[in-house]
Amino acid sequence: DSIEAVTCVLADKARGPLVVDPVIVATSGDRLLEAAALSVMREQLMPLASLVTPNLEEAAVSAGNRSPRRAAKWRNRAEGCWIWGRRLFS
């Protein structure tokens, strides 16, 4: 509910660039966001962002995958994150 409320406010206002730092996974590896809230964040809030700054674990969870183990997988996750913030760089 909180993410949807924030998204509604941001979508209705003229604003500067929006940076979203998703807090999805704790340092311990525990998930901090329920699946429904993650879906709202991914589908409604992140598309409004100019830049999204997840750590590797958060990028993996946001993309629906487990944590990347190899450098090639890190690159794939980073390319997936690029989609969220592409407006800033285009």
Side-chain angles (χ1 to χ4, degrees):
D1 291 340
S2 298
I3 296 171
E4 284 182 288
V6 168
T7 300
C8 287
V9 169
L10 291 172
D12 290 341
K13 301 219 180 245
R15 57 181 168 71
L18 173 65
V19 177
V20 174
D21 183 20
V23 179
I24 301 170
V25 181
T27 304
S28 65
D30 293 337
R31 299 250 332 232
L32 302 174
L33 204 58
E34 295 178 8
L38 176 60
S39 179
V40 171
M41 180 183 286
R42 187 174 46 231
E43 295 170 13
Q44 295 180 26
L45 182 60
M46 288 180 178
L48 298 176
S50 301
L51 180 65
V52 180
T53 61
N55 62 34
L56 288 175
E57 294 290 330
E58 291 162 341
V61 169
S62 294
N65 298 303
R66 291 196 303 233
S67 177
R69 302 268 186 243
R70 297 184 188 180
K73 289 185 179 182
W74 293 1
R75 180 179 173 151
N76 290 339
R77 302 300 182 265
E79 289 171 354
C81 293
W82 171 258
I83 293 168
W84 298 326
R86 69 186 177 274
R87 291 182 313 197
L88 179 66
F89 303 103
S90 58

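Judged purely by atom type and a 3.5 angstrom limit, S39 has no side-chain atom pairing as donor or acceptor with the backbone of A35.
The two residues V52 and A49 make their nearest non-hydrogen contact at CG2-CB, 3.7 Å. Contact record, P17 with S50: CA-OG, 3.4 Å, taken as the closest heavy-atom pair. Considering every non-hydrogen atom in both I24 and E58, the closest pair reads N-OE2, 3.2 Å. Minimum heavy-atom separation, L33 to I3: CD1-CD1, 4.2 Å. Closest of all the heavy-atom pairs between P22 and M41 is CB-SD, 3.5 Å.
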### Task
May I have the step-by-step check of side chain to side chain contact (heavy atoms under 4.5 Å, CB included) for L10 and L45, ending in yes or no?
CA-CA 9 Å; L10 291 172; L45 182 60; 3.9 Å; yes

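Shown here are the side-chain contact (heavy atoms from CB on, under 4.5 Å) partners of V19, two or more places apart in sequence or in another chain: L51, T53. Listed by chain and number, the residues in a side-chain hydrogen bond (donor to acceptor under 3.5 Å, both in side chains) with S28 are D30 (sequence neighbours excluded).
Between atom CG of residue L38 and atom CG of residue L32 there is a gap of 11.5 Å, rounded to the nearest 0.5 Å.
Checking each of V6, D1, T7 against E4 for a side chain to side chain contact (heavy atoms under 4.5 Å, CB included) leaves exactly one that passes, namely D1.
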